[in-house]
Amino acid sequence: LAKTTQPISMDSYEGQEVNITCSHNNIATNDYITWYQQFPSQGPRFIIQGYKTKVTNEVASLFIPADRKSSTLSLPRVSLSDTAVYYCLVGEYGNKLVFGAGTILRVKS
Amino acid sequence: DAGVTQSPTHLIKTRGQQVTLRCSPKSGHDTVSWYQQALGQGPQFIFQYYEEEERQRGNFPDRFSGHQFPNYSSELNVNALLLGDSALYLCASSFGTANTGELFFGEGSRLTVL
């Protein structure tokens, strides 16, 4: 299973764009990259998933370079409610996804 | 459309006791995975059930066992509880074993072992 490395924490201000980078040097050919968000005492919530290049949905963008050894989650114009832990996961869907420690994002006013 | 529901939401047990946690998957989902999340850590995969069989298992002792019923709901059983078993237990559901898609998590069951 590919191991991921993320920053432990990040601080930002309301209205700013936040980019969280995840390193996954030994990603396998069949692995997808998935990001989850988790608020205290709640289950993680799916944000976005991608395989290569760029994926965008209504809440975030995911940038994946050609070598797929890293990925960047981009959150446009964050608000206080985006304060949460963000997890980067790499693996085949359904194949015992492994959560790391995640990145604590703190958004300040 | 109900999402993933778990019960109970909170419970307190003492060392050596046994506990059963329950999970109903999101409507239309047939696969259930269980995770353990200790305070301040990411969720750790326990096991996954599909077609009433354990398909994948993480690095957890045999004290952790599970079951999936014909209606796709699932139970997690933990025997001989240890203090270190105190955690938030999360259930996640999905459809089949497709290569893409998302896991839908419940709110979890908070277990405290005294």
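Being a predicted model, the structure only gives us computed values, none of them experimental. Numbered from 1 within each chain, the chains take letters A, B, ... in sequence-line order.
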Walk me through it: do A:Y36 and B:E102 pass the test side-chain contact (heavy atoms from CB on, under 4.5 Å)?
-> CA-CA 9 Å; A:Y36 282 82; B:E102 62 182 280; 4.2 Å; yes
Could you look at [X] and say if it's the side chain, the backbone, both or neither that has a heavy atom under 4.5 Å from chain A?
{"X": "B:E107", "result": "both"}
{"X": "B:Q6", "result": "neither"}
{"X": "B:R55", "result": "neither"}

Counting heavy atoms not belonging to [X], are there more than 12 under 6.0 Å from its [atom1]?
{"X": "B:Y72", "atom1": "OH", "value": "no"}
{"X": "B:N59", "atom1": "CG", "value": "no"}
{"X": "A:Y13", "atom1": "OH", "value": "no"}
{"X": "B:L83", "atom1": "CG", "value": "yes"}
{"X": "B:L114", "atom1": "CG", "value": "yes"}
{"X": "B:R15", "atom1": "CZ", "value": "no"}

Test log, rule side-chain contact (heavy atoms from CB on, under 4.5 Å), inputs B:L90 and A:Q38 = CA-CA 12 Å; B:L90 295 162; A:Q38 186 177 29; 4.2 Å; yes
Kindly indicate whether the side chain of A:F99, heavy atoms from C-beta on, has any atom under 4.5 Å from the side chain of B:Q37.
->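 Not touching, per the 4.5 Å side-chain cut-off.
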Does a side-chain heavy-atom distance below 4.5 Å link A:S41 with B:R110?
->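 When only atoms from C-beta onward are counted, B:R110 and A:S41 do touch, with a gap below 4.5 Å.
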Against chain A, work out which of B:G42, B:P43, B:G108, B:C91 has the most heavy-atom pairs shorter than 4.5 Å and name it.
->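 Winner by heavy-atom pair count: B:P43.
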